[in-house]
Amino acid sequence: MEPPPITDDVEHQFFPFFKVYKDGRVERFMPSEKHPPCDDPSSTVRSKDVIISTEPVVSARVFMPRLPNNPEKKLPVVVYIHGGGFSIASAFHPGYHKYVSSLVAQANVIAVSVDYWLAPEHPIPACYEDSWAVLKWVASHANGDGPDPWLNSHADFGRIFLAGDSAGENISHNIISQVGSSGLPGVKIVGVALVHPYFSGTEDDKMWLYMCPEKGGLDDPRLKPAVEDLRRLGCERVLVFVARKDHLRERGTCYVEALKGSGWKGTVEIVEHEEENHVFHLMKNESEKAVDLMSRSVSFINQAE
């Protein structure tokens with residue numbers, strides 16, 4: 001799909017994400033879609049929407065698999081952070097609802113899918129702050145007295161994972177770096193699965209800089225991970241997926257090499273899918289390589305058992 005011509009009334013255009021008119025209006029190139037949650041006890045995966053905080057309003061979608069024969073068994077928790085260039089999609093998008101539901105069913109986990117506020121109307125760092133708020137909300141259940149009964153009764157807070165794709169994985173990296181720096185009492189972050197992560201070094205940087213009024217430049221550690229942040233990642237394992245035809249492929253491979261050379265004490269693995277493009281697993285979720293990506297993600301989580 002080719003980008004549309006820029007007309008005189010357009011101030012900025014970042015295809016295929018959004019354009020900003022001279023009067024301040026923002027128009028996205030992709031329509032906003034919302035899949036409803038399904039809190040049916042007979043379904044394979046139940047889901048519901050929750051409010052994390054009210055100032056600002058931050059929400060999430062919580063997924064839980066059908067309870068096993070042993071209802072006392074505790075399940076790992078995956079905090080999922082969606083992609084979309086920090087500016088499109090949501091935790092409620094049909095594609096993300098389907099993907100996270102499948103992950104929950106196959107890995108037998110509870111998932112909390114973050115619905116962060118989108119740029120440019122809510123400039124960076126809103127997405128980072130909202131995601132951190134959701135992770136802290138999850139941790140608030142560690143003593144069994146949090147606001148959500150699913151997490152209170154069934155979550156294993158010694159097996160927390162972060163996952164997502166693209167911009168969501170940039171956020172995941174920054175969140176797990178914050179855990180390493182400031183800690184998160186009551187929980188243990190075991191690992192992070194980064195699918196086609198975005199970091200600096202592509203044309204996308206122009207859009208990130210536009211969405212971030214703090215103007216930290218291309219050396220902003222949220223955009224270009226600093227060695228000290230890599231060294232103190234607050235988890236034990238990292239799994240990075242890259243796709244051969246993805247324009248972000250080298251961002252993922254460079255991240256792995258930087259992490260290996262940082263002095264971080266954990267283990268990192270990289271998986272590459274040939275002849276595939278950015279977030280192919282969401283576009284072609286039943287393809288052989290998408291099934292492989294899901295299978296490896298499930299194994300990564302269940303390895304902690």
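We're numbering straight along the sequence, starting at 1. No hydrogens, no waters, no symmetry mates; every other heavy atom, side chains included, goes into these values.
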_Tyr198 backbone acceptor or donor facing Asn170 side chain under 3.5 Å_ = yes

*When you measure from the side chain of Asp292 to the backbone N and O of Glu288, does any donor-acceptor pair fall under 3.5 Å?*
no

_Does atom CD (Glu121) have a neighbourhood of more than 12 heavy atoms from anything else shown, all under 6.0 Å?_
yes

*Please state whether the rings of Tyr99 and Tyr80 are parallel, tilted or perpendicular, taking 30° and 60° as the class boundaries.*
tilted

*Atom OG of Ser181 and atom CD1 of Ile176: how far apart are they, to the nearest 0.5 Å?*
12.0 Å

*Between Ala107 and Ile301, which heavy-atom pair has the shortest distance, and what is it?*
CB-CD1, 4.4 Å

*Would Glu275 and Lys245 pass as an ion pair if we require N to O under 4.0 Å?*
yes

*In terms of heavy-atom contacts, does NZ of Lys289 have more than 12 from other residues, nucleotides or ligands at under 6.0 Å?*
yes

*Could you pull out the closest heavy-atom pair between Pro123 and Pro213, with the gap in Å?*
CB-CD, 3.4 Å

*Would you say Tyr128 and Gln178 make side-chain contact, with heavy atoms under 4.5 Å?*
no

*asked:* Do Met207 and Met30 land in one hydrophobic cluster if side-chain heavy atoms of ILVMFWY residues count as linked below 4.5 Å?
replied: yes

*Approximate separation, where rounding is to 0.5 Å, of Asn152 CG and Phe157 CZ*: 7.0 Å

*Mind checking whether His281 and His196 have parallel, tilted or perpendicular rings, split at 30° and 60°?*
perpendicular

*Is a donor on one side and an acceptor on the other found under 3.5 Å between the side chain of Lys74 and the backbone of Ser153?*
yes

*Pairwise side-chain contact, Arg231 with Val227, heavy-atom cut-off 4.5 Å (strictly under)*: yes

*Residue pair Leu184 / Lys136, side-chain heavy-atom distance below 4.5 Å*: yes

*asked:* Can you confirm whether more than 12 heavy atoms, excluding those of Lys206, are under 6.0 Å from its NZ atom?
replied: no

_Taking the ring of Phe63 and the ring of His97, is the distance between their centroids below 6.0 Å?_
yes

*NZ of Lys98: more than 12 outside heavy atoms within 6.0 angstrom?*
no

*Between Leu233 and Ile270, is there a shared hydrophobic cluster once you connect ILVMFWY residues whose side-chain heavy atoms come closer than 4.5 Å?*
yes

*Output the distance between atom NE2 (His12) and atom CZ (Phe18), rounded to the nearest 0.5 Å.*
9.0 Å

*Which heavy atom of Ala243 sits nearest a heavy atom of Arg249, and at what distance?*
O-CB, 3.5 Å

*Would Leu248 and Asp204 satisfy side chain to side chain contact (heavy atoms under 4.5 Å, CB included), going step by step from the backbone distance to the final call?*
CA-CA 9 Å; Leu248 296 182; Asp204 296 334; 3.9 Å; yes

*Would you give the length of the straight line joining atom NZ of Lys48 to atom SG of Cys38, rounded to the nearest 0.5 angstrom?*
13.0 Å

*asked:* Taking ring-ring contact (aromatic ring centres under 6.0 Å, His included) as the criterion, tell me which of Phe86, Trp208, Phe29, Tyr210 meets it with Phe14.
replied: Tyr210

*So, for Leu75 and Pro65, which heavy atoms are closest and what is the spacing to 0.1 Å?*
CD1-CG, 3.7 Å

*Gap separating the CG atom of Asp115 from the CZ atom of Phe92, nearest 0.5 angstrom*: 4.0 Å

*Single-linkage hydrophobic cluster Val138~Val57, side-chain heavy atoms < 4.5 angstrom*: no

*asked:* So Arg66 and Ser43, do their side chains get closer than 4.5 Å, heavy atoms only?
replied: no

_For Val104 and Val109: C-alpha separation, side-chain torsions, deciding distance, then whether side chain to side chain contact (heavy atoms under 4.5 Å, CB included) applies._
CA-CA 5 Å; Val104 166; Val109 299; 4.2 Å; yes

*Give the C-alpha distance, both sets of side-chain angles, the deciding distance and a yes or no for side chain to side chain contact (heavy atoms under 4.5 Å, CB included) between Phe300 and Val238.*
CA-CA 9 Å; Phe300 178 73; Val238 172; 5.7 Å; no

*Using modelled atom types only, decide if a donor and an acceptor are shared between the side chain of Asp220 and the backbone of Arg222 within a distance under 3.5 Å.*
yes

*Kindly indicate, with the supporting measurements, whether the criterion side chain to side chain contact (heavy atoms under 4.5 Å, CB included) is fulfilled by Leu293 and Val195.*
CA-CA 9 Å; Leu293 189 152; Val195 180; 4.1 Å; yes

*Does the pair Glu169 and Arg251 meet the rule for a salt bridge (charged side-chain N to carboxylate O under 4.0 Å, His left out), with working shown?*
CA-CA 11 Å; Glu169 290 308 22; Arg251 301 306 96 213; over 6 Å; no

*Looking at side-chain heavy atoms only, is the closest gap between Leu135 and Ile189 below 4.5 Å?*
yes

_Could you check whether His82 and Tyr116 have their ring centres less than 6.0 Å apart?_
yes

*Same cluster or not: are Tyr96 and Val291 linked, directly or through other Ile, Leu, Val, Met, Phe, Trp or Tyr residues, by side-chain heavy atoms under 4.5 angstrom apart?*
no

*How long is the gap from OG1 on Thr253 to CD on Glu272, to the nearest 0.5 Å?*
8.0 Å

*Do the ring centers of His173 and Phe199 come within less than 6.0 Å of each other?*
yes

*Side chain proximity check, Pro125 to Glu214, heavy atoms < 4.5 angstrom*: yes

_Side-chain heavy-atom pair Leu118, Arg28 within 4.5 angstrom cut-off_ = yes

_Over all atoms of both residues, closest heavy-atom pair of Asp229 and Pro221_ = OD2-CB, 3.7 Å

_Would you say that Phe161 contacts Ser172 through its side chain, given a criterion of any heavy-atom pair below 4.5 Å between the two side chains?_
no

*Report, as yes or no, whether the 6.0 Å neighbourhood of atom CD on Glu286 holds more than 12 heavy atoms from other residues, nucleotides or ligands.*
no

*Identify whether Leu162 and Val268 are in the same connected component of the hydrophobic contact network (ILVMFWY, side-chain heavy atoms under 4.5 Å).*
yes

*Provide the closest heavy-atom pair for Ser131 versus Ile171 in the form atom of the first, atom of the second, distance.*
OG-CG2, 3.4 Å

*For the pair Ser140 (side chain) and Trp137 (backbone), establish whether a donor and an acceptor sit closer than 3.5 Å, ignoring hydrogens and angles.*
yes

*List the steps and the verdict of salt bridge (charged side-chain N to carboxylate O under 4.0 Å, His left out) for Lys22 and Asp9.*
CA-CA 6 Å; Lys22 291 180 178 178; Asp9 59 343; over 6 Å; no

